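No experiment lies behind these values; they were computed from the predicted model shown.
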Amino acid sequence: MSVTMARTSAKANSSPGVARIYVNGRFLTQPITGVQRYANELLLAFDRLIDEGAIEPQEFQIEVLAPPSEMIRDLGLAHIPVRTVGTRR
C-alpha cells in the first residue's frame with residue numbers, strides 16, 4: 001500500500017489548507033495476505049476515526065484510488081471514497 005499526501009492551496013481548492021491523502025487501492029484487487037489485511041484494517045480504522053470526530057474532514061480528506069480491474073472486496077467505508085483511476089487492468 002502506498003500513500004501520497006498533498007496540502008491544497010486556497011487557489012486550487014475551495015477548502016484552503018486541507019490535507020488530501022491518496023491511498024493506492026490496488027490491494028483491493030488482490031487476494032488477502034499480510035499487506036492487504038494491514039491496508040484493510042488501516043482504512044477501516046481511519047474511517048472509524050472520522051466517524052468519531054478524531055479526524056476532522058475539514059482538515060484531512062482521504063481518498064482511495066483503485067485500478068479499473070475488478071475489486072475483490074468492498075470495505076464498506078462510510079467516509080472514505082474509493083475512486084477508479086488509470087487504464088491498467
V85 reachable from Y22 in the ILVMFWY side-chain graph, under 4.5 Å edges: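 Shared cluster, yes.
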
Flag the pair [X] / [Y] as yes when at least one side-chain heavy-atom distance between them is below 4.5 Å, and no otherwise.
X	Y	answer
F27	L43	yes
I72	Q36	no
N40	L28	yes

CD-CG distance between E52 and D47, expressed to the nearest 0.5 angstrom: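 So the gap between those two atoms works out to 10.0 Å.
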
Sequence-distant partners of T29, side chain to side chain contact (heavy atoms under 4.5 Å, CB included), two or more places apart: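 Side chain to side chain contact (heavy atoms under 4.5 Å, CB included) list for T29, sorted by chain: R26, P67, S69, M71.
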
Set of residues satisfying side chain to side chain contact (heavy atoms under 4.5 Å, CB included) with respect to L44, sequence neighbours excluded: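 With neighbours one apart ignored, the set is E41, R48, L75, L77.
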
Other residues, nucleotides, ligands: >12 heavy atoms within 6.0 Å of R73 CZ: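 Enclosed.
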
The single option from I50, I21, V18 passing side chain to side chain contact (heavy atoms under 4.5 Å, CB included) against Q61: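 By the side chain to side chain contact (heavy atoms under 4.5 Å, CB included) criterion, Q61 pairs with just one of I50, I21, V18: V18.
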
Nearest atoms (heavy-atom pairs only) where G86 meets P68: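 Here G86 and P68 meet closest at O-CG, 3.6 Å.
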
For E63, salt bridge (Lys or Arg N to Asp or Glu O under 4.0 Å) partners two or more places apart: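 Per chain and number, E63 pairs via salt bridge (Lys or Arg N to Asp or Glu O under 4.0 Å) with R20, R83.
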
